[in-house]
Amino acid sequence: MNTFDLFSLKGKTALITGGRAMYGKGATCALADAGANIFLASHSLKPAQEFAQELKQDKGVAVEALSFELGNVDSIRAMIQTVLDKAGRIDVFVNSSRIIPQGDGGNGWFEDARQMEEGVRMNSAASLYMTSLVGEQMIKQKSGSIVTFGSMMGLIGVEQHNYDGNPSMAEGAFGHIYAMDKSGLTAWVRHAASYYGQYGVRINAVCPGGLKSPRTNPVFEKEYSKHTQLGRLANDDDIKGIIAFLASDASAYLTGLSIPVDGGYTCI
């Protein structure tokens with residue numbers, strides 16, 4: 001087979017959660033560029049529908065927006081069943097949904113019990129539940145690729161000098177619930193790969209670093225960039241290649257990996 005044909009997702013059904021903004025948006029664009037038929041699940045249905053319409057016009061692929069709530073198991077089941085009712089299969093599942101818990105405890109080290117429960121329920125348990133349901137279908141198919149989003153925060157500790165000149169931001173960097181969820185994910189992906197492999201199903205994680213957006217603090221961008229080998233934050237295109245690779249047969253012999261996409265940040 002031609003090497004570039006291995007990256008094609010034409011005729012494949014892809015389900016992506018959280019694929020409307022930030023890294024998730026880049027992941028959705030990658031699936032569209034590869035030719036997949038996409039179901040875009042989001043808690044913000046109207047903006048997701050608008051984005052889906054843009055993709056259909058710009059990329060010429062089938063994209064349908066679905067509503068779902070990350071913390072609601074009934075909503076998760078309904079979302080996955082809708083895809084199966086309409087497409088009959090799921091070839092690719094990309095999970096980029098996540099929350100940053102907010103509560104009375106703030107967003108630093110001493111977060112309150114409600115935040116802890118919310119973070120574990122929505123960033124860990126919901127991810128496991130979605131993957132298990134999709135995985136059941138992929139086992140029946142004897143094929144499929146699962147790509148889940150970890151984070152560099154699950155691989156290394158916090159570089160406090162990123163907040164030089166802006167120390168008020170540092171408190172939020174020590175959100176230990178999010179770090180715990182993402183740390184656990186990298187270990188769990190290895191565990192899941194050892195189960196799914198016997199059925200011809202692959203699972204891998206991408207672990208991105210900082211993404212430049214209109215909300216990025218310029219002081220943080222300058223300090224953070226000093227700690228990457230490439231000297232910059234990620235842009236909107238930097239996630240696309242790895243998603244297309246892991247979703248497609250180009251990575252058919254890879255499973256159980258957690259791959260940093262961070263400009264070399266974690267190799268320092």
Side-chain angles (χ1 to χ4, degrees), residues 3-4 6-9 14-36 38 40 42 47-48 51-52 54-55 58-59 61 63 92-98 100 123 127 145-156 158-159 162 169 173 178-179 181-183 185-186 189 202-251 254 257-268:
T3 300
F4 289 103
L6 291 170
F7 288 87
S8 175
L9 294 175
L15 168 62
I16 180 167
T17 63
R20 181 185 60 82
M22 303 295 284
Y23 277 120
K25 184 174 183 179
T28 303
C29 290
L31 297 174
D33 285 336
I38 301 169
L40 171 62
S42 174
F51 180 41
E54 290 176 17
L55 286 175
D58 295 344
K59 309 290 186 181
V61 295
V63 186
V92 177
F93 174 49
V94 179
N95 176 26
S96 58
S97 294
R98 63 101 169 98
I100 303 296
N123 287 334
S127 176
S145 176
I146 298 168
V147 184
T148 191
F149 270 69
S151 171
M152 60 172 279
M153 288 185 69
L155 302 177
I156 59 172
V158 173
E159 171 53 76
N162 286 341
M169 293 181 64
Y178 187 74
D181 290 332
K182 294 305 184 182
S183 299
L185 179 68
T186 59
V189 162
R202 300 183 295 111
I203 180 168
N204 294 284
V206 293
C207 298
L211 174 66
K212 185 174 182 179
S213 77
R215 297 178 296 173
T216 302
N217 184 293
V219 176
F220 171 79
E221 178 181 1
K222 177 182 177 182
E223 296 302 325
Y224 180 97
S225 297
K226 292 178 182 178
H227 300 108
T228 69
Q229 301 289 26
L230 296 181
R232 64 175 176 86
L233 289 166
N235 62 41
D236 292 337
D237 290 330
D238 287 325
I239 200 68
K240 294 178 181 177
I242 191 67
I243 294 297
F245 175 61
L246 292 177
S248 70
D249 287 342
S251 60
L254 297 182
L257 300 179
S258 293
I259 303 174
V261 184
D262 61 4
Y265 191 108
T266 55
C267 78
I268 296 177

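Numbering starts at 1 and runs along the sequence shown.
Between Thr28 and Ile38, the shortest heavy-atom distance links the atoms O-CD1, 3.8 Å. Residue Gly19 comes nearest to Phe51 through the heavy atom pair O-CE2, 3.3 Å, listed as atom of the first residue, atom of the second, then distance. Closest non-hydrogen pair, Ile16 versus Gly24, comes out as CD1-O, 3.8 Å.
Every residue meeting the side chain to side chain contact (heavy atoms under 4.5 Å, CB included) condition with Thr186, not counting sequence neighbours, appears here in chain and number order: Leu155, Cys207, Ser258. Every residue two or more places apart in sequence or in another chain that forms a side chain to side chain donor-acceptor pair (under 3.5 Å) with Ser127 is listed here: Asn95. For the salt bridge (Lys or Arg N to Asp or Glu O under 4.0 Å) test, residues two or more places apart in sequence or in another chain that qualify with Lys226 are Glu223. Legend: residues meeting side chain to side chain donor-acceptor pair (under 3.5 Å) with Ser251, ordered by chain and number and at least two apart, are Arg202. Remark: Leu6 engages Met1, Asp249, Ala250 in a side chain to side chain contact (heavy atoms under 4.5 Å, CB included) (not counting sequence neighbours). Applying the side chain to side chain donor-acceptor pair (under 3.5 Å) rule to Ser42 yields no partners; only residues at least two apart in sequence or on another chain are considered. Listed by chain and number, the residues in a ring-ring contact (aromatic ring centres under 6.0 Å, His included) with Tyr224 are Phe220, Tyr265 (sequence neighbours excluded).
Applying the salt bridge (charged side-chain N to carboxylate O under 4.0 Å, His left out) definition to pairs two or more places apart or across chains, those involving residues 211-220 are Lys212-Glu221. Within the structure, no pair that satisfies the salt bridge (charged side-chain N to carboxylate O under 4.0 Å, His left out) test touches residues 258-268, not counting sequence neighbours. Screening residues 235-245 for side-chain hydrogen bond (donor to acceptor under 3.5 Å, both in side chains) gives Arg232-Asp238, Asp237-Lys240 as the qualifying pairs, with residues at least two apart or on separate chains. The stretch residues 19-36 participates, sequence neighbours left out, in these salt bridge (charged side-chain N to carboxylate O under 4.0 Å, His left out) pairs: Asp33-Lys59.
With contacts defined as side-chain heavy-atom distances shorter than 4.5 Å, the pair Leu211/Ile239 does not qualify. In this structure, Ser96 and Tyr23 have side chains that are not in contact, with every pair of non-hydrogen atoms separated by 4.5 Å or more. Contact check for Phe245 versus Asn204: no side-chain heavy atoms found under the 4.5 Å cut-off.
Here the rule is side-chain contact (heavy atoms from CB on, under 4.5 Å) with Leu31, and of Val94, Val63, Leu55 only Val94 fits it.
The distance from atom CG of Leu185 to atom OG of Ser151, rounded to the nearest 0.5 Å, is 10.0 Å. Rounded to the nearest 0.5 Å, atoms CG (Leu257) and CD1 (Ile242) are 9.0 Å apart. Separation of atoms OG1 (Thr266) and CD1 (Ile156) is listed at 6.0 Å; rounding is to 0.5 Å. How far OG of Ser248 is from CZ of Phe4: 12.0 Å, rounded to the nearest 0.5 Å.
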